[in-house]
Enquirer: 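The structure is given below, and queries will be raised subsequently.
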Number of protein chains: 2
Amino acid sequence: MKDVAAAAGVSLKTVSRVVNGEANVNETLRTAVLESIAELGFRPNAGARGLRQGRSGTVGLLLEDVADPFYSILSRAVEEVAREHGTMVFAGSSAEDPARERELALAFCERRVDGLIVVPAGASHSYLLPEMRAGIPVVFVDRPPGDIEADMVLTDNTGGTRRGVDHLLAHGHRRIGFIGDAPEIYTAGERLRGYREALESAGIDFSDELVTQAPPNPESTAAALDRLLAGPSPATALLCGNSRTTVSVLRELARREASLALVGFDDLELGDLLQPGLTVVAQDPAAMGAAAARLLFQRITGGPPGDAAGDASGPTQTITIGTRLIARGSGEIPPP
Amino acid sequence: MKDVAAAAGVSLKTVSRVVNGEANVNETLRTAVLESIAELGFRPNAGARGLRQGRSGTVGLLLEDVADPFYSILSRAVEEVAREHGTMVFAGSSAEDPARERELALAFCERRVDGLIVVPAGASHSYLLPEMRAGIPVVFVDRPPGDIEADMVLTDNTGGTRRGVDHLLAHGHRRIGFIGDAPEIYTAGERLRGYREALESAGIDFSDELVTQAPPNPESTAAALDRLLAGPSPATALLCGNSRTTVSVLRELARREASLALVGFDDLELGDLLQPGLTVVAQDPAAMGAAAARLLFQRITGGPPGDAAGDASGPTQTITIGTRLIARGSGEIPPP
DNA sequence: CCGTTGCCTGACAACGTTGTCAATCGGGTT
DNA sequence: AACCCGATTGACAACGTTGTCAGGCAACGG
């Protein structure tokens, strides 16, 4: 910038004014400065600007895994909203490791991100309190934070599984199994709750042997299927609590050449091409990402105090995103 | 940092020394400083450090679409390598729009990224020349840059389609169709070349009516299928030039209840669950991302001059990543 | 003619950090 | 006793930008 000023024969400050499009700069000088800028290939240093102004034009996005379709779609939605605010996105994968989550979050904070969107991996997030007090807004997505209060964007997990079970009930099933993720996982618990509620509303007793809560690996899923299909009155339908479980179940069913009514939670890319098509309770990761980003930027921009939606320090908000049942065949198989 | 220094009763510089783990600091003082840091919740400002040191600990990753599985896997691989170097990744989606690509790339440069990994959308990249001359290394992935010379990481596209065609030939096919992306796209051209070469090696005449080059939307794919399956000697096998085309073809075949031998280029998540399983020429996006990132960090770190692999200003390198044929059924259907 | 106003410009400090250099101190060397 | 050495510490400038403030100038009203 010093060079540009010298080349254009003006002061540093005038170059700064031109770069920032401030009013009250003589048109001749402005042109001269712009020419020098082009000639020298000058590009303002966002870091230095951030240092002076206190804003980096940067947000951090902390996911379980950038490569997971659910999160990558969410990520893209965040990016789009950030773009509207002239902000770039740091993305990082926690790999479900609380230590790594923390390490990444603090690394983002060292980069002085203007805000943080976090899919919690660990159970404790009090390590973020100092940062939040220092003025970095944080929005949690998909799962609530462990031990602090903050804005959240969640899926209507309970309503989703309720809808899935209702769908199976409507097709005549009474023995409906559920295979969900480990009970420590927030979403797993919520989804199980929806399953129970739906059965209860239908006046059907909850039976333990129809429910499995385990990590979604092939082995435990196969074992869960064994349990479901064994015994005198086996399950005729199954609700899968997450997409990895759904995939494992599909593989296992294909291997056994077995079939039963199936509804998955969370959509799969090629669900319509399977035989039969996969019926799912679809989440809307793009809506979640967009909602989280909007919430975050409201906090960053900081509306007038008192305006609940805009006040940077207002009470925390929770946004719940609904689910959509997509019937493609597998969920409409009647009981034998 | 000033506050920490005051609290610990030392100078700014001593705090800096402790933060950076420099030698020659009295153990007592070091402890005192660390205590003050913890107490005040001090976190060093990476922007200011970058300003002084000339390194931001940041790289930019410019993709077509963060949400696309191919790129999101690539992205994760880049993140892992960056992590080893204590570097965070800015990710951005160009949406195949050259203007947006440029805008994002320059925004990254304003943030003073230490390097740039780019999947080119546009045909011209000379706009990056000033930045590269200013010392920002750039590595291109998946496609070569338009009009500049730089490091690249590419898939062996030609070898991949050759392998796919060979596979179909080995299963007895002689009328093998090819539906690829528009000819402007680099990878589409390379893949078509592999198709031609494989046919040539087998002594089979290339026939125009078996080849379509068009954007991978459902309509043009359906039209292409029409052409392939019409006429006196229709195609008995088909090689799809990219995964979106593959999906369109699968949908269209399902709709028509038709079937033919099919090999896709680029793997699909649930390819093994389809009936029949989808045979593909799989790319390795993780390997591409890792290779690109390693190349980039070699340039950033800047090995000894003369060391081709490490010299920051050495000659450009091109790394080619091989493909893998995964037979799952659809490519092993014999001709009627 | 003079004070006022509005426009335009530049000098300077400050943002938070680190590299450079000088200063101090205890101890060993000649 | 004079000297040198290494270890330890701090003062200060610099990185590239912008906010603050003051100064200069022309037009304007009185």
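By convention in this document, chain letters (A, B, ...) are assigned in the order of the sequence lines, proteins followed by strands, and residues within each chain are numbered from 1.
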Enquirer: Starting at CG of A/D3, measure out to CG of A/L40 and round the result to the nearest 0.5 Å.
Expert: 6.5 Å

Enquirer: Bend across the helix from C/dC1-D/dG30 to C/dT30-D/dA1, to 10°, with axes taken over 5 pairs at each end?
Expert: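 Overall, the helix from C/dC1-D/dG30 to C/dT30-D/dA1 bends by 60° from one end axis to the other.
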
Enquirer: Using atom names, set out every protein N or O paired with an N or O of nucleotides 16-20 of chain D below 3.5 Å, distance rounded to 0.1 Å.
Expert:
unit_1	atom_1	unit_2	atom_2	d
D/dT17	OP1	A/N45	N	2.8
D/dT17	OP2	A/M1	N	3.4
D/dT18	OP1	A/N20	OD1	3.0
D/dT18	OP1	A/N20	ND2	3.0
D/dT18	OP1	A/R49	NE	2.9
D/dT18	OP1	A/R49	NH2	3.0
D/dT18	OP2	A/S16	OG	2.7
D/dT18	O2	A/R52	NE	2.9
D/dT18	O2	A/R52	NH2	3.0
D/dG19	OP1	A/Q53	NE2	3.3
D/dG19	N7	A/K13	NZ	2.8

Enquirer: Describe, in one word, how the ring planes of A/F297 and A/H85 are oriented to each other, choosing from parallel (under 30°), tilted (30 to 60°) and perpendicular (over 60°).
Expert: parallel

Enquirer: Does the pair B/R143 and B/E184 meet the rule for a salt bridge (Lys or Arg N to Asp or Glu O under 4.0 Å), with working shown?
Expert: CA-CA 12 Å; B/R143 312 169 192 169; B/E184 305 87 69; over 6 Å; no

Enquirer: Under 3.5 Å, is there a donor-acceptor pair between the side chain of B/D65 and the main chain of B/S93?
Expert: no

Enquirer: Could you give the CG-to-P distance, from B/N26 to D/dG10, as a whole number of Å?
Expert: 10 Å

Enquirer: Can you tell me which nucleotide in D/dT8, C/dG10, D/dG10 comes closest to the side chain of B/T14?
Expert: D/dG10

Enquirer: Going by heavy atoms in the side chains, are A/E149 and A/M132 under 4.5 Å from each other?
Expert: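 Not touching, per the 4.5 Å side-chain cut-off.
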
Enquirer: For residues 40-52 of chain A, pull every pair meeting side chain to side chain donor-acceptor pair (under 3.5 Å), keeping only residues two or more places apart or in separate chains.
Expert: A/N20-A/R49, A/R43-B/E131

Enquirer: How are the rings of A/F140 and A/H125 set relative to one another: parallel (under 30°), tilted (30 to 60°) or perpendicular (over 60°)?
Expert: perpendicular

Enquirer: Nearest 0.5 angstrom please: A/L116 CG to A/T58 OG1, how far?
Expert: 11.5 Å

